[in-house]
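Source: prediction; values computed, not measured.
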Amino acid sequence: MADDVGELIERLALWRTGDGGYDEVSLRERAIVALRERAPEAVPALVGRLDALLADHAAHLERVAAVTAAWDAWYEEGDALVDEHGPGAVFELERYRTVPSDSLPQREPRDEHYQDPYDLKQGIVEALRRIGDDRAAPVLGRALRDRACLQQAATALRGIHLDGAVPALLDAAAGIEPDDPAFPAVLSALDHYGVTMAQVRARFEAESGPQARVSLMHVMKKLPGDGAGRPDDEEIRDALVFLAMGRSATDRHRALSQLRALGAPPEEPRDPAAAGGARDVPDPWDGDLGGSGMAAPPPAGTLCAAIALAAQGNPPGHDRELRRRLRRMAEEAPSAPRAVTAVLTREPRSPDAELDLALRLAPRLNGREAEHLALLRALRGLTSYPPARAGALRALRRDTGLFVLMLHEDPALRAEARAVFDDVAEPADRERFAEYEALRLGTWGRLVRRFRRR
C-alpha cells in the first residue's frame with residue numbers, strides 16, 4: 001500500500017489532460033481522489049515528500065546565491081578599481097584585485113541543469129488542501145517560502161489551521177510584488193488569521209528591503225484602521241527610488257508611477273541644451289522622459305534622488321546594489337548627464353559624499369555637446385573646492401569627450417574646451433591628446449585646421 005501511495009504522489013505532477021475532450025479527468029485529479037481515500041497514511045507521505053522537495057529547492061537557491069554573491073563582489077571591486085585607476089585599467093585589473101578571477105566559484109553541474117519540480121510541489125499542496133488534515137499545517141507554512149507553492153499554500157491555510165501563521169504570511173507578502181497573482185491569496189489568508197495593523201507595521205519597521213517595504217505598505221493600505229496607524233507614504237519614497245533604478249522596464253514604470261502619486265518631487269534639473277537657455281522639463285518622476293513609455297530609463301530628478309540615497313548608504317544593506325545600478329544608468333540613461341551636473345552644481349553645495357559619487361559617475365556619461373560642456377564647466381568649478389578637487393581632476397583627465405570638443409568646428413566651444421584642458425592637463429594628458437589629434441585629423445586635417453585658424 002505504501003508503494004501505491006508513493007506512486008500516486010508522483011502522479012500529482014500530471015495535471016494536464018490528453019485529447020479526450022472536456023470531460024477527461026487528469027491523472028492529478030484521479031490521484032487526489034485516491035489519496036483522499038487513504039488520508040491517514042497519505043498525509044504523512046505527502047508531507048514528507050513535500051518537505052524533501054522544499055529542502056532540495058532551498059539548498060539549490062542557497063548554493064546559487066553563494067556563487068552569485070562572490071561574483072557580485074568581484075564586479076563591485078572591478079567597478080571600484082576602474083573608478084580609481086581609470087577606464088584604461090580595465091585590461092589590467094587583475095594585478096589590483098584582492099580576489100583573483102581564477103579563484104571565483106562556479107555553479108555545480110546539478111545547479112546548472114536544475115529544474116524546479118513545481119508541478120509536483122503544487123500538486124502535493126493541492127492534495128493536502130483537498131484532504132484538509134491539520135497535520136499538513138507546518139509544511140504548508142514552510143511552503144510559503146517557496147515561490148512555486150506560495151499561492152496554493154496561502155489558499156490551503158485558510159482551510160487548514162496553522163498556529164502562528166501571521167509572521168509566515170507577512171514574510172510571504174514581503175517577498176512578492178503587489179500585482180503578483182499570489183498577492184490576493186496572501187491577503188485573504190492574512191485576513192482569515194485576523195492580522196492587525198500593528199503586526200504589519202512592526203514587520204514593516206523591521207524591514208530594509210525596498211520591494212518588501214513597498215509590498216508591506218500595500219498590505220497596510222488594504223487593512224481597516226485599528227488605532228495603530230499606517231506609516232506615511234513618504235516612508236517608502238527611498239524604496240521606490242531604488243526600484244526605479246532597476247533593469248526591468250515594468251519595475252521602473254511601476255515605481256515611477258507610485259513616486260508621482262506621492263506628491264511634489266525634488267526640483268528637476270534644467271536642460272542646458274534647451275534653446276534660449278535653461279528650461280523646465282516634465283515631472284521628474286515621469287518615466288516617459290528620455291524614452292518611450294514603460295521602457296524609458298528614469299529621468300534626471302529620480303537619478304538625483306538615487307545619487308543622494310546611495311551616497312548616504314541607503315537603502316540599508318542595498319546601497320552597493322544601488323551604486324551598481326547608478327553606474328549602469330550613467331552609461332545608458334539619456335537623463336544621466338543632466339542629473340550628475342545638477343548634483344555637482346547645486347546651491348547650496350551638495351554634501352561631499354554626493355559630490356564624490358557624482359564625480360565617480362561623471363567619466364561614464366554619454367551626453368549631447370551642450371550637456372557635456374555643462375558637465376565640464378561643473379568639473380572645472382569644483383577643482384577650486386578642496387574636498388572635491390581630486391575627484392574633479394580625475395574626472396576631467398579621464399574624459400575622452402573633452403578631446404572631441406577640443407577639435408570642434410565651433411571656435412568658441414573649441415576654445416572653452418581647450419581652456420579647461422590647459423587648466424588640468426599633465427604631460428601625459430598632452431601626449432594622449434597629441435596622439436588622439438593625429439589619429440582624428442591626419443596630416444591633411446591638421447593643415448586645414450591651421451589654415452582655418454588664420
What is the distance from atom [atom1] of [X] to atom [atom2] of [Y], rounded to the nearest 0.5 Å?
| X | Y | atom1 | atom2 | result |
| --- | --- | --- | --- | --- |
| Thr302 | Leu309 | OG1 | CG | 12.0 Å |
| Arg368 | Leu373 | CZ | CG | 13.0 Å |
| Leu357 | Arg360 | CG | CZ | 8.5 Å |
| Asp179 | His218 | CG | NE2 | 8.5 Å |
| Arg252 | Leu259 | CZ | CG | 13.5 Å |
| Gln258 | His253 | CD | NE2 | 10.5 Å |

Heavy atoms, side chains only, cut-off 4.5 Å: are [X] and [Y] in contact?
| X | Y | result |
| --- | --- | --- |
| Asn314 | Asp319 | no |
| Arg11 | Arg30 | no |
| Val214 | Glu177 | no |
| Tyr118 | Asp146 | no |
| Ile307 | Met329 | no |
| His372 | Pro337 | no |
| Leu355 | Tyr385 | yes |
| Leu8 | Arg38 | yes |

Criterion side chain to side chain donor-acceptor pair (under 3.5 Å) on Glu371 and Thr341, from CA distance to verdict: CA-CA 8 Å; Glu371 291 174 333; Thr341 302; over 6 Å; no
Shortest non-hydrogen contact between [X] and [Y], atoms and distance:
| X | Y | value |
| --- | --- | --- |
| Leu322 | Ala306 | CD2-O, 3.6 Å |
| Cys304 | Ala339 | SG-O, 3.6 Å |
| Pro231 | Glu205 | CG-OE2, 4.3 Å |
| Leu46 | Ile124 | O-CG2, 3.7 Å |
| Leu344 | Leu375 | CD1-CD1, 3.8 Å |
| Pro363 | Arg398 | CB-CB, 4.4 Å |

Exercise: do Glu29 and Ser26 side chains pair donor with acceptor under 3.5 Å: no
Stepwise side-chain contact (heavy atoms from CB on, under 4.5 Å) test for Asp56 and Arg110: CA-CA 11 Å; Asp56 181 68; Arg110 57 178 169 170; 6.0 Å; no
Residue that, paired with Arg49, satisfies side chain to side chain contact (heavy atoms under 4.5 Å, CB included) out of Leu54, Val5, Leu12, Leu120: Leu120
Glu235 vs Arg230, salt bridge (Lys or Arg N to Asp or Glu O under 4.0 Å): CA-CA, chis, key distance, verdict: CA-CA 10 Å; Glu235 293 196 36; Arg230 180 171 60 81; over 6 Å; no
Any donor-acceptor pair under 3.5 Å linking the side chain of [X] with the backbone of [Y]?
| X | Y | answer |
| --- | --- | --- |
| Ser350 | Val343 | yes |
| Gln199 | Thr196 | yes |
| Ser103 | Val99 | no |
| Trp71 | Pro105 | yes |
| Arg338 | Pro299 | no |

Phe242 six-ring centre to Arg325 NZ/CZ under 6.0 Å and within 45° of normal: yes
Arg324 to Tyr75, cation-pi by 6.0 Å centre distance and 45° axis angle: no
From CA spacing to verdict: side-chain contact (heavy atoms from CB on, under 4.5 Å), Leu50, Lys121: CA-CA 6 Å; Leu50 181 57; Lys121 289 187 292 186; 4.3 Å; yes
Derivation and outcome, side-chain contact (heavy atoms from CB on, under 4.5 Å), residues Arg389 and Leu382: CA-CA 6 Å; Arg389 176 176 171 78; Leu382 283 172; over 6 Å; no
Glu62 atom CD: more than 12 heavy-atom contacts under 6.0 Å: no
From CA spacing to verdict: salt bridge (Lys or Arg N to Asp or Glu O under 4.0 Å), Arg320, Asp79: CA-CA 11 Å; Arg320 289 175 59 184; Asp79 287 334; over 6 Å; no
